[in-house]
Structure formats: C-alpha cells, structure tokens
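Down below is the structure, laid out as structure tokens.
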Amino acid sequence: MKIIYRVSSLELKHVFTISRSSRTTVPVVIVTLHDSGLTGYGEASPNSRYGENCMSVSEFLDRINAVELMEPLDPGRVGHHLEALSSHYPSAKAAVDIAVHDLLAKRLGIPVYSFLGLEKPKKVFSSFTIGIDSPGMIRSKVLEAINYPILKIKMGMAGDEEIVRAVRSVTDKPLRVDANEGWKTKEEALERINWLSDQNVELVEQPMPANQIDDVRWLRERVDMPIIADEALQSIDDIETICSAYDGVNVKVQKLGGLFRTKQVIESAKMHGLKVMIGCMIESSVGITAAAHLASLADWIDLDGNILITNDPFLGMENRNGEIVLNDRPGLGITPVL
Ligand code: MG
C-alpha cells in the first residue's frame, strides 16, 4: 500500500468572489492510494476559512504511515487513526477518506453509495453558483447558466440588492442565497431577508458570522425563510449548539473530514430535526463525485464546484443541466483525464 499526492491548480471560469475572498485559481491536493493493482482517488480542497492550505495538507499527508494506516482497511478505523495524528486538517483527512472509500468499493466491485449502504440518487438537482460581481457580469453569468434550474447567489457585501435585481432582470427561477457570514448585525440580516422574501428565494445560508448563534436564533423567530448553517457547522459537536438557531445545515465532505464523518453528521443533524444540504468547495470531479454518493440523504444539493472550473483533471459524476447523474462503475466511478 502506497499513498502518493500531488498539488493541482484548478482554474475558475470566472473570478469567484464571495463576501470574504476573491479567487481565479484554487490549489487542491489529489491523493492516490495504490494497492494490488487498484487505485483509490481522493482530493483535498483546503480552505483558509478552516485554517488550511496546500502546505498544511501536504505536511499532514507526510505524517501518515500508509502501512500502519491501511490494514485492515476500514473507514472508521482510518478516521480514528487520522484523528489521533491531529484533531484538525479536515480536507487532508477528507482526501484520505475518499481514497479509502474508492479503493474499498473497487475491491468489492460496487459503487461507493452501495458501500455506504445508500441508494443511488435519483432525480436530484444541484444549484449552480453565481459569485459576487458587477450587475452586468451577473446578468451574463445568469444567462450562461440558463440550463440550470436553481441558482445559488452569493451575497453579503454592499450592493446585495443590485445583485438580486440584476438576476431578476433576466430570470425568475428559484434562488438560494448565501451571505457567507457577510451581514454583521441581526438588524441588517433581518432587513435583507425581509427584502428577499418576495424575490422567490428558497433559503438563506449563513447570514451572520458563525459565532453569532444567539443573533441567528433572534432572526429565525422573525422570518419564515429557512436559515441554513454552513460556516457554523464544522464538526458533529456543533449540531447540539446550532440546532435551536437554524433550520438546516450545509454539510461538506471537505470541512467535515471525509465521507464517513459527513454521513455521521447528516444522521445527527436529522435526529436533531435539521434539514440537510450537501455542499462543496471548488473541487475537481474527485471531491464532487465523492459527495454526490451521499446525495440520496439530502434535502438540497449544491454540488457544482467541478463545473465552475475549466481544467477538471477527472471525469466522474455528470451534471446534466443541474441533474446529478452517477454511473454504476465500482468505487467513485471517476477516471483521470489523460
Ligand atoms: Mg456556504
């Protein structure tokens, strides 16, 4: 058993701006596990919001002893082993966990969703994300996304209303709004959500900074629109705290440390009465396809990271006009683009 990794730079079709950052490329780490003629693929898309970058991912991966880690190969045991190395580095752990699932499912000749005891997702649609931009660019991005039935609009800066007006000047399709912690007071958040409530907006994600739980609780008592936690959910331990303030959670394999942990978080969230969105970072088809294997568990899907880039190094899950379509090949069902 060998672990090999390489850094790959994903190039975005458009400058990707959210309330706290703007990017044109996203460095990711592709991990491969090689064993007895089979290869398992994984990916880390480290995010500075969660204290990671490619350097920290590489350092963590260098500390893994593949021989010790891998046999008997079991995602729960691998998770414990990685946790014992450090309590942090969620995307680095996700990369290893995804590769372990790919390899194990390939050994058994079954898709990862079957390995996880899940159904193949049927007729599930992802939103398509429109980053913050000038009204003119927003209009052209929305027109470019004409085939995608649901849009996720990034907000949380001055000019939020202009963004929505630009979107609404070209389409009336349902919107999901993500403020990425950008509204700083509960009064500001209330005003924005009230304004959005007659704009055919399905939900609002992370309206205020993650630590302002009491403010979100106050807000939720005053609005009907579902409020979803993203940055406020970083581990299974957060569920207990956030379940009284939010209607749902955005779970991401990259911030929760892999498929095994993400499935546990989804189960806990549901037990606490929370709805579930499966979301993503900017990731190639390795990470996005991995997350798609959990899609049958979700109320909402936001898995579009791989269609926002121009140089995806893998083929995997297909996004057919927003519909998530997995193939039935063993493992993740992905192949490197040669
Ligand atoms: Mg979000």
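Note that ligands are numbered from 1 as they come in the structure, with each ligand's atoms numbered from 1 the same way. Only heavy atoms go into these numbers, but all of them, side chains included; no hydrogens, no water, no symmetry mates.
- For the ring-ring contact (aromatic ring centres under 6.0 Å, His included) condition, no pair includes a residue of residues 157-179, sequence neighbours left out.
- Here Glu188 pairs with Arg192 in a salt bridge; the nearest charged N to carboxylate O distance falls below 4.0 Å.
- A donor-acceptor contact shorter than 3.5 Å is absent between the side chain of Lys154 and the backbone of Asn180.
- Among residue pairs with one or both ends in residues 200-209, those qualifying as side-chain hydrogen bond (donor to acceptor under 3.5 Å, both in side chains) are Lys152-Glu205, Arg176-Glu202, Glu205-Asn250, Gln206-Tyr246; sequence neighbours excluded.
- A salt bridge is defined here as a Lys NZ or Arg NE, NH1 or NH2 lying under 4.0 Å from an Asp or Glu carboxylate O, and Glu83 with Lys93 meets this definition.
- With waters neither drawn nor counted, the protein N/O/S atoms under 2.8 Å from the Mg ion (ligand 1) amount to 3.
- Screening residues 128-152 for ring-ring contact (aromatic ring centres under 6.0 Å, His included) gives Phe128-Tyr148 as the qualifying pairs, with residues at least two apart or on separate chains.
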